[in-house]
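This report refers to the structure that appears directly beneath it.
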Amino acid sequence: MLDLLFEDEDENSSQKPCRRGGGGGDNTKISGPPAPKNPTGLAGIDNRGATCYLNSLLQTLLLTPELREALFCLGPDELGNLGDKDNPGAKVRVIPIELQRLFARLLFQNQDSCSTDALTSSFGWNSNEHFQQHDIQELNRILFSALEDSLVGTSGQNVISELYHGTIVNRIVCDKCGKVSEREEDFLDLTLPITGYVGVSDTLRAMYAEVELMKDSNQYRCSSCQILVDAKKDAKLRKLPPILTLSLLRFSYDFQRGERYKETNHYTFPLELDMTSFCEEGLDDSDGIYELFSVVIHSGSTHGGHYRAYIRDVDGIGNWSAPEESPITIKSDPQEGKVDFIEISSPQQLLKTLLQQYAADGSLPVDKLCQVLMKETGVSWNKRFKRQYGSITKFLKRYNDIFIVDPVTSLVSLKDPFDIKSVALSSPSKPLNASPDHKDISSPQIADIANSQESLSTPAPGYGWFDFNDSRVQPIHDAVIQSKFAGRESAYMLFYRKKNLQRKPEDGLNHLESLPLWLHQEIQESNEELTLQRDIYDLTVNEIKVHLLFPECYEWSSGALQVKRNSDISPKCISLDRRKTIADLKQSVQAVCDDQVISPCCLHIAKELPAGLHLYDCISEQDSSTIRNMCITDGSYLFVWDGKQVDGMPIRTGLDAQPIFLRLSYLSESGDRSEISRGYPRDTSMRSLFGILSVLTDIPEESLNLQRMAKDGQLVMLERKDESIFEEGLEDEDNLVAEMETSKDNKWASSSKQLAPVLKENLQNQVHLMAENRCVDQGTGEEEWPAIQINTTKDKTVAELKQLILFKFSGESLSPDSTRLRVEDDNLGLQPPLHEDQTIQESIIKRNSHLVLEMGSPPKNNEISVTFALNTEQGTKTWELLLNRNLSCAECLEKATVAANLENKDYHLCRTNWFWEEQNILTELDHSLEEENIQDGDHLLLKEGRLPPKGYVRCQVWLYPTPQQGFLETNPQGTSDQAPWMHQQSQEILQTLLCSTQTESDNALDITSHHALLGSVEVSRDDKVDQLKMQILTLPSLAEICTPSVHYLRIRLVVKGRLGKVLDGDQTLKQVKVTSTSHLAVQLLPYHEQLSPSAVLLHVCQRIPNTRMYSPVEDFVWDTTGGPSPEDLKQALSIGTSIPVDRLLLAKKLPDKYDWLIILSSAVMGERGKKGKKKGKPKVFNLKQGPYSLRDGDVIAVKDLEFDPLNQDDFTTEEDDIGKWKLHEEVEEKKRFTNGHPSSISSEDMYDDIELLTTFLLLLTNVCLNRRKEKKNLGADGGNRNRRQEVGLSIMVEDFSR
């Protein structure tokens, strides 16, 4: 179920979409060129889907100098030219050439990561192969085999065998005659089992050092003695390759469970491996010492995961630098300052340090070690580590490569207490967590570890390790390797190289000139192209647009700069490089201003605020500063003036002078309500505000009371203070009430009481909106569109709102006639364009709505917006039209076909819901859209097919399988003697029509899994069903069927994908409510059928005892003439199933609820319905009425209580359980959309969903296991688990041996 694990490409991709202008405000994005190499100087490889296994192996081969140099020595004279690969007869060894190109790009191309597309294409792989994960050990063998085949006949044909191939000799020595029998084996890699072994040396010792005694029942037949004799059997390594490959068998098979699993046990491997003791005698000791240089790591399970590689840079190609690590710290008690515990994620490092410091004689008892741990850290082992690592004794025994535990005395000691390097190898595999209350270590017990790490921070040349994780490469300490001894992410393949393969410093320079000439030129051209791309990208990404505003357009009013109404000077836009200086900016401004020469030129960053335009700090005085450093971003506004006055008024600038927009309400002397709206500098003190308002309202300052209306509508008194209005918390759009403090008879006294309701109403009338400008070019990225906040009132019209939005986006030259507004709903998406004559309150705009400004004509008063959809082979095409309400449906259809560029006019329109599900057809073409109740924003589906004439219907006809007879022994209709030949012929047509792509359903209750479209018929609604049958028999697929009469044909309605009502032959189509949207099901019967009006066609299935499964469904015609009661149905089914009535239990399936309704007897139902009623004659219940309401197509389950006595009331199946869970999920999803956007789900709900999902997965697992078990018990072929078919790995190579 959850076998496959999918890997994600690292976030640091080589190509990233960047926002133009450095994120300043413009949302135009461009895709950047590939990033240059990271500081390590080593390039990664892009993951093309699931190619991490290939990437890890290729990086290992690249950093194998001997193989890399051998490939680069091969020129076109031996490998051929890549351009000739398609020429007939040309010998072009594509795989080695593409491997050369990839290695050259990884080494010399200034790019962060490279692609393997060209190499995998040379393998013969298609794009699907990139998403199929394979085993890296298998790839290693297949790739080397492909290389050997590709290099046949060249100077490099033996490079693989010379570097990687070794020889094993298997020997058997006869104890009687001493004859030695030998058999040599060539190996590419040594496969090492890990189950039951401590590490690599332990496994090699068991395989190549120990001798097996062949005796007793396992004696050996000696060819010299010609009898069974005792013998000794062993294996030795006869020839060791320069590069030794070890494959660890971490994948095993569990025969009891019947599935594979991954071994995650602790399995060690050394940095230096001595193979001398595993080889034949006579091998030079120095020739058997190997050094580890690559570790391929696998994380995940047997069915999927991720590969990465830790590789040692033997030639020093890369630049190794110490990876960023947090220092080892201890957490202290903030009150007492004493140590609480040492937060080290590696317990082996902690225990090793404690043993080094406290074990005077080299060892400590386990209990004493626990006491020392408690003393030093302040926390016990059980509290700190037991949950994750188990008991301390088991932990020490597990890491027997570090610790030695005496089973008798329980003494713990270190294997090598003076090995500083092993201390470093025990460093934690994860960065140590640091928190603000941590402090650097000072105790000598821990300081030694830090010193040892510091001494190992810079490795010797050729010993720097790097982590190659697809496109990301980063340096690591060799200590991290030990963390891959065990666990879900553990070592899977090891590469060793002989220690005597020493490299000279000059060998690692890898000059570009060492490449073949053609490859040298290709890399140079590629680097030049990358440099050009980056230069162009830098110019583009640093280009910003700045809007220039001039003082002639503005005047000082209401505390801020306001646009003059009659100004004919529009803002000007200039493009700049943000890396240039302010001096360059001033020159560009002077060039644009033409005759508007301002001297001195003073530039201020301007921003539109609710109070008006405000100017911030001056930037023109810092000529040497760059535009970027002055926070000028894309879309910024610059005010160009003399720095003193605007329209004759001195202007304050800067953040302290930023105006806060306030609305003041008060009663004038005449008793009328007055309002003053203006801005006040944010540094205005409350005391000064009282003075200003006193002048504006003519209320004496000493008698002025000032109140603020809170968001809940309550008035809050404000006091005279020295604090500023910003510090007091006043914000834009706040409402203030001013009144005079005097006697109660004065008209001023009640002003707050009179104004409060009005202000509260005004507060409720205010609307805060978000407007988004989609009239600009967004580019190809995924950033948001430019957006602004809009504050207005509900009585404003949509046209006035649009004018306000256009003014806010004044930098764009947008016309009101060519733009319109929409509302974007979080759940329903974009709504139809708004009618501009409506007020905000009359429209669909709500508080905090998200508005979209887009290009397009706004709808007129009599126009509606209708969205059309057309299903094509390429997908669903949708478009929107503005149509007159009085337009006829025929004219609407014509406009829709013209807009879709459809030449064929045989189309019709269907209504749909919001999910584009087809409803009814628009048949009255002469009716107007308004008469057909087509509303603004409705969806119509354009379907191919001519609309039938008035009074006619055109229906699709589907062929369904012929009903089968099984456990029901009788059929009320009987079977005709002359029907078998017709039944056989109908079955052949069924097999021809049924789609080959349809698969048989596992659900026995699924009776609609096989069906095929026969075609469409056009009939009058006044025709009878028998005439419809005659019309269906004329369809091409049924033309060859010779039926005795139409009564061998059954017609049914298909409702919600299920077979429903059987159409009576004597009724008209109008009476049975057949429309053009109806789907008709046809079944060819092997018998004559003419159902009576009282007959009900049921689908009956029988419960299989002791399971939750049913036999296949069969048709059962129940004639209710004799009575429609539960007893009558039981009697009829008793005859059909041969089950006594007293043992029958029936239930009706409720498919929409995934539940069953047990059919009770009339007596039981009568007892339940009494509830205090008087006793009388027992009532006989009608099953065709509520609550059962039996109809044609209902599924009835039959249970034999003798063979299924347990859970008599349980008729459910596993499919019902899953269906109920899905229904619950749909209900919860609707609740989320009703309450708000899905992103607003609380963490508690999220955890509930996770728990519910876990329950469902467990349920689904049980369903699969139970179904397999039940099928096996029933003798069905249910023993094989359906898994994704494993695809074999192969590489296509031409034959170069001829």
Side-chain angles (χ1 to χ4, degrees), residues 45 51 53-82 84-85 90-107 114-125 129 134-167 186-190 239 241-247 293-294 296 307 309 311 314 493 495-497 501 514-516 518-519 1288-1298:
I45 301 178
T51 57
Y53 68 101
L54 174 64
N55 298 346
S56 300
L57 181 60
L58 290 175
Q59 293 284 17
T60 300
L61 300 183
L62 171 68
L63 295 183
T64 305
E66 294 76 14
L67 176 64
R68 180 183 70 241
E69 293 172 354
L71 280 176
F72 284 157
C73 288
L74 301 174
D77 53 336
E78 293 186 279
L79 300 181
N81 294 314
L82 200 57
D84 300 333
K85 65 178 181 178
K91 278 193 175 184
V92 182
R93 306 170 194 266
V94 183
I95 294 179
I97 295 175
E98 291 296 353
L99 204 55
Q100 282 183 336
R101 296 182 66 208
L102 177 62
F103 284 180
R105 292 199 307 271
L106 290 171
L107 289 173
C114 300
S115 171
T116 57
D117 286 346
L119 178 64
T120 54
S121 296
S122 70
F123 292 168
W125 294 358
E129 190 68 32
H134 294 285
D135 182 59
I136 192 173
Q137 297 176 2
E138 179 187 12
L139 173 68
N140 182 59
R141 302 182 186 105
I142 293 177
L143 179 59
F144 280 173
S145 175
L147 275 176
E148 287 182 305
D149 293 342
S150 299
L151 296 176
V152 170
T154 68
S155 59
Q157 62 181 354
N158 297 323
V159 63
I160 300 298
S161 59
E162 291 174 354
L163 287 178
Y164 294 94
H165 283 261
T167 305
D186 181 76
F187 71 86
L188 181 66
D189 61 329
L190 295 178
K239 175 191 173 186
I243 308 296
L244 178 63
T245 306
L246 303 181
S247 298
F293 84 98
S294 178
V296 177
Y307 289 96
I311 307 176
V314 177
M493 202 170 182
F495 290 85
Y496 285 86
R497 54 184 289 112
L501 291 176
S514 62
L515 300 178
W518 69 272
L519 191 54
L1289 181 65
S1290 62
I1291 296 178
M1292 298 176 59
V1293 184
E1294 294 184 31
D1295 186 6
F1296 297 104
S1297 59
R1298 293 175 294 180

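Throughout, numbering of the chain's residues begins at 1 and tracks the sequence. Note that the structure is predicted; figures quoted are calculated from it, not measured.
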[X] [atom1] to [Y] [atom2] distance, which is reported to the nearest 0.5 Å:
X	Y	atom1	atom2	result
L67	Y164	CG	OH	4.5 Å
L163	R497	CG	CZ	9.5 Å
L62	L99	CG	CG	9.0 Å
S56	L139	OG	CG	10.0 Å
R101	L106	CZ	CG	12.0 Å
L501	I243	CG	CD1	6.0 Å

Output all residues satisfying side chain to side chain contact (heavy atoms under 4.5 Å, CB included) with [X], sequence neighbours left out; order by chain, then residue number.
X	value
E78	L74, T154, S155
A146	I95, I1291, V1293
D84	N81, N87, A90, V92
T116	I45, R48, L54, N55, L58, L102, T120

Decide yes or no for [X] and [Y]: does some side-chain heavy atom of the first lie under 4.5 Å from some side-chain heavy atom of the second?
X	Y	result
F187	T245	no
L63	V314	no
F495	L57	yes
L79	Q100	yes
D135	Y307	yes

Using the side chain to side chain donor-acceptor pair (under 3.5 Å) criterion, which residues pair with [X]? Sequence neighbours excluded.
X	value
R105	none
D77	none
Q137	none
S294	T60

Heavy-atom pair of closest approach, residues [X] and [Y]:
X	Y	answer
F72	A104	CZ-N, 4.0 Å
S122	V94	CB-CG1, 3.4 Å
V152	R93	O-NH1, 2.7 Å
Q157	L151	CB-O, 3.0 Å
M493	S247	CE-OG, 3.9 Å

>> Can you list everything that forms a ring pair (Phe, Tyr, Trp, His ring centres under 6.0 Å) with F103? Sequence neighbours excluded, please.
In response: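 If we apply the ring pair (Phe, Tyr, Trp, His ring centres under 6.0 Å) test to F103, skipping adjacent residues, there are no hits.
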>> I need the full list of salt bridge (charged side-chain N to carboxylate O under 4.0 Å, His left out) pairs touching residues 140-154, with sequence neighbours left out, sorted by first then second residue.
In response: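 Listed once each, the pairs are R141-D189.
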> Angle class for the Y53/H134 ring planes (parallel below 30°, perpendicular above 60°, tilted otherwise)?
Replying inline: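 Because their plane-to-plane angle is over 60°, the rings of Y53 and H134 count as perpendicular.
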